[in-house]
Amino acid sequence: MNLQTLEYFVTVVKEKSITRAAEKLYISQPALTKQIKRLEELLGFPVFNRYSQGVTLTIKGERFFNDIEPTIHQLRFDIAKHITDQNIKIGSDPFLAMYYYPDYFDNTEQLNIQITKVTDDTIDLIPLMKSGEIDAAIIQDYPHQNGLISTWLFDDEFYAAVPEKYESAKNQSISITECLKYTQLLPFIDSPLYSRIKVLIENHVEKPPEIIEMPYHSLIGFVAQGAGISYLPSMVVQKINYKGVKFIPIEESPIKRKMYLYALNKNTFHLLKKVFEKQYNDSFLV
């Protein structure tokens, strides 16, 4: 019997379902079922009552769980005390690097998390993970990739960035049709935001507006000058107050991105998941 088998058993107990436990452990349900059967064969008694809706502990299974669970917890704690100087190289897009990651990396002294690659499109970070150049990243709108571990992390809604001198800036909200009446200030053509706005233009207006492409860091300045409208994610809007610009919610939220945490291995994945869920502390890493 090894520690991994006991961890599997404890997870099934807590999830009360082999299916949910398998999802949490990132293994297949048949593989987990096989591990539980091996445990039962070694112990000489069944540890679970199995039902269509899940599992419950048998009387002997409950006694076994009560005996080993404190030991498992202590082992986790003891291992955590000896995990130091964890170096994690992470990839990012410009918005995440400036407005998201700093909120989470302040209290992770034992984890040396460094943003080592920044790309305009997070999808370009996937091959960098596969090559080992970075260990993890948050990827936009791409939930799975073979060879990497991933999970949904959060949704990020875009706001319209409108020059204060525009009549529309007086509104509490704005429709996408109203936004598309103005010149569109967008990142370069190969960016996800540019692609999304192009689709909205095709679906909502007969006469396409002028599009001016520029780097991300230039967008807000040109909006302030009255050159047109742009769009910024909520993580940015919540952090900045830019003179001459009004940030307005877009009706029906037509521009939204789903963000997924990716990592090259399970250890890095679980550590970062705790960081981003704000469950991390330096005394309990695993």
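These figures come from a predicted structure and were not determined experimentally.
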Q. ring-ring contact (aromatic ring centres under 6.0 Å, His included) with Phe9: which residues, sequence neighbours excluded?
A. Phe48, Phe64

Q: Check whether any side-chain heavy atom of Asp93 sits under 4.5 Å from a side-chain heavy atom of Val118, and report yes or no.
A: no

Q) Using the benzene-type ring in the case of Trp, are the ring centres of Tyr142 and Tyr260 under 6.0 Å apart? A) no

**Q.** Sidechain N-carboxylate O distance under 4.0 Å for Lys117, Glu133
**A.** yes

Q. Do Lys256 and Asp141 sit within salt-bridge range, that is, some charged N less than 4.0 Å from a carboxylate O?
A. no

(Q) With salt bridge (Lys or Arg N to Asp or Glu O under 4.0 Å) as the criterion, how do Lys170 and Glu164 come out once you've worked through the C-alpha distance, each side chain's angles and the decisive distance to 0.1 Å? (A) CA-CA 8 Å; Lys170 299 176 182 178; Glu164 285 188 345; over 6 Å; no

**Q.** Path from Ile88 to Phe276 over hydrophobic side-chain contacts below 4.5 Å
**A.** yes

Q.
Can you confirm whether or not the ring centre of Phe247 sits under 6.0 Å from the ring centre of Tyr231?
A. no

Q. Where do Arg50 and Glu40 land on the salt bridge (Lys or Arg N to Asp or Glu O under 4.0 Å) test, with the steps shown first?
A. CA-CA 13 Å; Arg50 293 163 172 82; Glu40 291 178 326; 3.2 Å; yes

Q.
Check Glu277 with Lys273, please: is the shortest side-chain N to carboxylate O separation under 4.0 Å?
A. yes

**Q.** Smallest separation among heavy atoms of Leu180 and Val205, with atom names
**A.** CB-CG1, 3.9 Å

Q) Is the closest side-chain heavy-atom distance between Asp155 and Met259 below 4.5 Å? A) no

Q. Do side-chain atoms of Gln184 reach the backbone of Lys198 as a donor and acceptor pair under 3.5 angstrom?
A. no

Q.
If the condition is ring-ring contact (aromatic ring centres under 6.0 Å, His included), which residues does Tyr182 pass it with, not counting sequence neighbours?
A. Tyr166

Q | Donor-acceptor side-chain pairing of Gln35 and Thr5 below 3.5 angstrom | A | yes

Q. If we ignore angles and hydrogens, is there a donor and acceptor under 3.5 Å between the side chains of Ser173 and Glu251?
A. yes

Q) Any donor and acceptor pair, going by atom type alone, linking the side chain of Ser191 with main-chain N or O of Phe188 inside 3.5 Å? A) yes

Q.
Would the distance check show the side chain of Asp121 and the main-chain N or O of Asp124 forming a donor-acceptor pair, the cut-off being under 3.5 Å?
A. no

Q. Just by distance, with hydrogens left out, do Ser234 and Asp156 show a side-chain donor and acceptor under 3.5 Å apart?
A. yes

Q. Got a donor-acceptor contact below 3.5 angstrom from the Glu213 side chain to the Ile189 backbone?
A. yes

Q) Is the closest side-chain heavy-atom distance between Leu32 and Thr11 below 4.5 Å? A) no

Q: Mind listing the closest non-hydrogen atom pair of Ile115 and Ser92 along with its distance?
A: CG2-CB, 3.9 Å

Q | Lys181/Glu178 ion pair, N-O < 4.0 Å | A | yes

**Q.** Intermediate values then yes/no, ring pair (Phe, Tyr, Trp, His ring centres under 6.0 Å), Tyr216 and Phe95
**A.** CA-CA 9 Å; Tyr216 275 105; Phe95 291 144; 5.0 Å; yes

Q | Polar contact flag, side-chain donor to acceptor under 3.5 angstrom, Asn171-Ser168 | A | no

Q. Can you tell if the side chain of Val236 reaches within under 4.5 Å of the side chain of Tyr159, non-hydrogen atoms only?
A. no

